[in-house]
Amino acid sequence: MNLFLENIEKVAKAIKPIAKAKKVIVFSHYDADGIASAAIFAKMLLRLGSNFQIKILNQLTKKTASQLNFSNRLLVFLDFGSGQLDSLAHLLDNNIVLIIDHHKPKNLSHLNLFHLNPHLFNAEEASSSVYTYYFAKYLDVKNVDLAYLALVGYFGDNIFLTTQEKILEKVLNECVELKQIEVKKGLKIFGRFSKPLYKALAQSYECFIPGITGSEEASVQFLSEIGIPLKKRENFVRLADLSEEEEKILASEIIKLRINEDRPEDIFGNIYLIKKAPEELKDIRELATLLNALGRKQYYDIAIKLAWLDSKVLNKAMQIYSEYKKELSSYIDFALKNVKHMENVYVIDAQDKIPHYAIGIITSILSKTNYSDKPVIGLANYDEETVKVSIRFSGNLDVIKVLKPIAESMDGEAGGHSNAAGAFIPLEKKTNFIKTINKAIGDANGKGSQEQKMVHSGFRPSLPQ
Ligand SMILES: [Mn+2]
């Protein structure tokens, strides 16, 4: 067993009596990984009979962290905390602090600190939900029924979708052995159970289908050309209704259309289905998407119950999700009309026209469609004096390396990964920030070789799933 997992086990055994004896406050991030992690941890604490509270935050900023005021508690930070450790230091003398996170950590040791982060153990990076699952399992083996949630968080943090870590294989094998997950080969298109196929194809934003994504008419036409019926017995056909043979035909026709994409065959692959989930939640990626939407709309209770596959909250969750998608659609329109073409970057300065919780998603969408040849930077008001910044680029440039020093030199803070990062900067520095980062990216491109990505022109992106 690897060193990091051994350490998770040790810490879980040490925390168990503390979680029973002390009041526990769990802080977690509002995205699918954070919510999946919180759902695992909460169920574990319920079973332990702990006295606890869950607090989901859209971000653990330095300011929020330094203002936390507790004593004699077990304070738990899931999916954040590692990067804000210096701002949490004041809590360490009078509390026990547990952090389970996978973002770049600050280094600090203290007798009362239990810090579980793969970077500290040279372990491969997965999602917080994966490590939280192993923590819960080592604390009490009956928590293995939560294994599927490790995967939900993993697929929610979709920056990992293309990597194949051993830890993913391990957790996946457990899920299959425990009969929680069924793995099938199929089209990785969102809405297998929940949408008419023609709509699912038109909205297949994650796996782009040239000529189809973005147009329901083109999608209907395409299906008729390849002989897949639009309706069966008066009902619109869903992907779930196709025979294996039909799905294969559909897949090979789609791959033909995608021949100029980076990896045309990527649209066909493993589909992970949660066996005991109601139909709408069966596909792990769909559940992750729902959790993400619920978190962003601040329906945290519903999100956690949904993660536990509680079908009583299903209708409400679907209703919130459809409202959320409508909102996103209007934000996409705004972004497309207002994107500024700068020398080395695209900029969407949304101010209060796009909420801070959506700016990252909108920036991602633009960067994966018409605007993939340069980094896309989105900015939205966070509070009266702070701006949230998102940067996305899948080309050959480590965006966090460029973003972090600039944000920090302007009294801001930054975090994230090489192709997706975010920052908070003071509002008054915004103009200067845009100028500085445009120049810095130009300088960075000059040094390294820059890979030009294909640009899809004249394409109107459809909604993210
Ligand atoms: Mn995460």
Side-chain angles (χ1 to χ4, degrees), residues 4 8 26-42 54-61 64-65 76-85 88 98-106 115-121 123-136 146-165 167-168 171-172 206 272 284-285 287-296 300 303-304 306-307 356-361 363-364 388 390-392 399-400 413-424 464:
F4 184 44
I8 294 178
V26 181
F27 297 90
S28 192
H29 193 211
Y30 75 160
D31 70 4
D33 185 23
I35 287 168
S37 305
I40 296 169
F41 212 89
I54 304 277
K55 292 178 190 283
I56 309 286
L57 305 178
N58 60 20
Q59 202 80 39
L60 184 67
T61 58
T64 324
V76 180
F77 297 88
L78 304 174
D79 203 31
F80 50 34
S82 285
Q84 300 80 9
L85 192 47
L88 296 169
L98 166 67
I99 297 173
I100 306 179
D101 191 5
H102 63 105
H103 298 93
K104 293 251 158 69
K106 294 251 162 74
H115 190 182
L116 296 173
N117 185 310
H119 300 289
L120 298 172
F121 296 86
E124 49 187 7
E125 184 179 348
S127 58
S128 299
S129 60
V130 168
Y131 308 126
T132 306
Y133 162 65
Y134 281 109
F135 184 95
L146 303 165
Y148 71 96
L149 279 174
L151 288 184
V152 173
Y154 187 96
F155 286 111
D157 272 6
N158 61 22
I159 34 181
F160 302 109
L161 273 174
T162 53
T163 59
Q164 277 303 324
E165 287 101 350
I167 187 92
L168 175 66
V171 82
L172 192 58
E206 287 292 335
Y272 305 97
I284 271 211
R285 294 184 178 95
L287 177 54
T289 306
L290 282 170
L291 295 186
N292 220 338
L294 292 167
R296 280 165 209 274
Y300 305 133
I304 286 178
L306 201 74
H356 59 80
Y357 64 74
I359 192 71
I361 298 164
T363 308
S364 286
K388 161 111 189 255
S390 288
I391 176 164
R392 300 287 184 276
V399 292
I400 182 68
E413 53 186 298
H417 307 270
S418 60
N419 56 359
F424 292 94

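Just so you know, ligand 1 is whichever comes first in the structure, and atom 1 is the first atom listed for that ligand. Note: hydrogens, waters and symmetry copies are ignored here, and every other heavy atom, side chains too, is used.
Among the backbone and side-chain atoms of H29, none of the N, O or S atoms lies under 2.8 Å from the Mn ion (ligand 1).
Sorting the N, O or S atoms of D79 by how far they are from the Mn ion (ligand 1) puts OD1 first. Of all N/O/S atoms in H102, NE2 sits nearest the Mn ion (ligand 1). Taking the Mn ion (ligand 1) as reference, D157 places its N/O/S atom OD2 nearest. The name of the N, O or S atom in D33 nearest to the Mn ion (ligand 1) is OD2.
In terms of modelled atom types and a separation under 3.5 Å, the side chain of R392 and the main chain of T363 share no donor-acceptor contact.
Residues D79 and S37 have side chains that never bring a donor and an acceptor to within less than 3.5 angstrom of each other. In this structure, a donor-acceptor pair under 3.5 Å is present between the side chains of S82 and H115. Using a 3.5 Å distance cut-off with no hydrogens or angles, the side chains of N58 and H29 do not pair a donor with an acceptor.
The aromatic rings of H417 and H103 sit tilted, their planes meeting at an angle between 30° and 60°.
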